[in-house]
Amino acid sequence: MSTIAEPTFEELSKLSDEFERSSPEQVLQWAIERYGSGLTMATAFGVEGCVLLAMLSQLPGGKNVHVFNLETGYQFPETLALREAIRDRYGIEVEYVRARETVAEMEARFGGPIYGSDPDECCRIRKVEPLKEALAGRTAWISAIRRDQTPDRARSGIVEWDSKFNLVKISPLANWTKGDVWAYVKINEVPYNPLHERGYPSIGCWPCTRAVEAGDGDRAGRWANFAKLECGLHTRS
Ligand code: SF4
């Protein structure tokens, strides 16, 4: 992996400001050249992630970027099927990263599932800890977040230091709107999760995701019985 020196906060801040005027493809190309094998990308196969994978496939060196999915054991079958669709369409192999214990082992340890009683702990075990392990030894990761998705994401730079996981975080779509994303999908015929057309604007694990009503926010269907909006991957503490 790359042994590139860590950038300074000032360098990242300046770059991020410059990238506000760049296309996501330009940001991705910079990341590929700057971080090489130290670069990785996490995708939950949301529509934004599928857009980034489509873009990567068109860029020099883009297909060599390591990409992974946090396979919690609770994902929808439609989500898992996208892994094959992405491989067939773009030649990008997405690696599954899993928690150390299986769903069966975890549920046996707690006497049943905990997503309904303690989703923060469930997300910690099945998402946050596996993410920490997946990012260890990397120098930068690509995320598909957009600023208008949650209050935490609203503060995201296009390039910034991720103090939670100790590496550079690159969010090429941070300043894109939902409309920008879907326009790209339609023009470029990007594969996407069919659940998006059944009332699921944001898709996570099946126990914690429901379809939303007209007029609801995009993430209203995530952890609908809790104040929780994030699984902990994109929060700052
Ligand atoms: S989204 Fe729900 S099922 Fe998935 S890890 Fe978090 S609490 Fe568990």
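Just so you know, these numbers come straight off a predicted model, no measurement behind them.
- With hydrogens and angles ignored, the 3.5 Å screen pairs a side-chain donor or acceptor of Arg83 with a backbone N or O of Val94.
- Take Phe19 and apply the ring-ring contact (aromatic ring centres under 6.0 Å, His included) test, not counting sequence neighbours, and it matches Trp30.
- Atom CE of residue Met106 and atom OH of residue Tyr74 lie 4.0 Å apart, to the nearest 0.5 angstrom.
- Interatomic distance, Asp162 CG to Leu12 CG, rounded to the nearest 0.5 Å: 11.0 Å.
- Taking each heavy atom of Leu28 and Leu56 in turn, the nearest pair found is CD2-CD2, 4.1 Å.
- Partner of Glu48 under the salt bridge (Lys or Arg N to Asp or Glu O under 4.0 Å) criterion, chosen from Arg147, Arg153, Arg146, Lys178: Arg146.
- Relative orientation of the Tyr115 and Trp206 rings is perpendicular, given thresholds of 30° and 60° on the angle between their planes.
- Put simply, the side chain of Pro60 does not reach to within 4.5 Å of the side chain of Ile32, judged on heavy atoms.
- Considering only heavy atoms from C-beta on, Val168 comes within 4.5 Å of Trp161 through its side chain.
- Summarising the geometry of Ala144 relative to Gly49, their closest heavy-atom pair is CB-N, 3.6 Å, with the distance given to 0.1 Å.
- Summarising the geometry, atom CD1 belonging to Ile158 is positioned 11.0 Å from atom CD belonging to Glu18; distances are rounded to the nearest 0.5 Å.
- Rounding to the nearest 0.5 Å gives a distance of 11.0 Å between CG of Leu70 and CD of Glu133.
- Summarising the geometry of Ala99 relative to Pro130, their closest heavy-atom pair is CA-CG, 3.7 Å, with the distance given to 0.1 Å.
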Item to check | Lys127 vs Thr72, side-chain contact (heavy atoms from CB on, under 4.5 Å): CA-CA, chis, key distance, verdict | outcome: CA-CA 7 Å; Lys127 291 186 175 181; Thr72 62; 3.7 Å; yes
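- A donor-acceptor pair under 3.5 Å is formed between the side chain of Thr209 and the backbone N or O of Gly204.
- Arg34 has its side chain out of reach of Thr139: every pair of non-hydrogen atoms, C-beta onward, lies at least 4.5 Å apart.
- Residue pairs meeting the salt bridge (charged side-chain N to carboxylate O under 4.0 Å, His left out) criterion with at least one member in residues 56-68: none, sequence neighbours excluded.
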Checklist entry - Does the side-chain contact (heavy atoms from CB on, under 4.5 Å) test come out yes or no for Glu78 and Ile203, once each step is laid out? => result CA-CA 10 Å; Glu78 290 88 344; Ile203 302 165; over 6 Å; no
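- For the pair Phe110 and Asp118, the minimum side-chain heavy-atom distance is 4.5 Å or more.
- For the residue pair Ala211 and Arg198, the shortest heavy atom distance occurs at CB-O, 3.9 Å.
- Phe165 is listed as a side-chain neighbour of Val128, based on a closest heavy-atom distance under 4.5 Å.
- In this structure, CG on Leu173 lies 11.5 Å from OG on Ser156, to the nearest 0.5 angstrom.
- Checking side-chain atoms of Asp180 against main-chain N and O of Thr177 turns up a donor-acceptor pair under 3.5 Å.
- The side-chain heavy atoms of Asn188 and Met55, taken from C-beta on, include no pair separated by under 4.5 Å.
- Annotation for Glu189: atom CD does not count as buried by contact number, only 12 or fewer foreign heavy atoms lying within 6.0 Å.
- Rounded to the nearest 0.5 Å, atoms OG (Ser57) and CG (Leu52) are 11.0 Å apart.
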Next on the checklist: Let's go through Phe68 and Leu131 carefully: what are the C-alpha distance in whole Å and the side-chain angles of both, what is the deciding distance for side-chain contact (heavy atoms from CB on, under 4.5 Å) to 0.1 Å, and is it a yes or a no?
Outcome noted: CA-CA 9 Å; Phe68 66 94; Leu131 179 65; 3.5 Å; yes
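- Residue Tyr192 is tested with Tyr200, Tyr184, Phe45, Trp182 for a ring pair (Phe, Tyr, Trp, His ring centres under 6.0 Å); the sole match is Trp182.
- The two residues Cys50 and Ile86 have their closest heavy-atom pair at SG-CD1, 4.2 Å.
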Next on the checklist: Test side-chain contact (heavy atoms from CB on, under 4.5 Å) on Glu20 and Asn175; report intermediate values, then the result.
Outcome noted: CA-CA 7 Å; Glu20 293 290 339; Asn175 61 5; 3.0 Å; yes
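- Listed here is the closest heavy atom pair of Arg109 and Ile125: NH2-CD1, 3.6 Å.
- Between Tyr96 and Leu80 there is a side-chain heavy-atom pair separated by less than 4.5 Å.
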Checklist entry - Does the pair Lys14 and Glu11 meet the rule for a salt bridge (Lys or Arg N to Asp or Glu O under 4.0 Å), with working shown? => result CA-CA 5 Å; Lys14 184 165 175 285; Glu11 182 192 5; over 6 Å; no
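- For the residue pair Glu33 and Gln29, a side-chain donor N or O sits within less than 3.5 Å of a side-chain acceptor on the partner.
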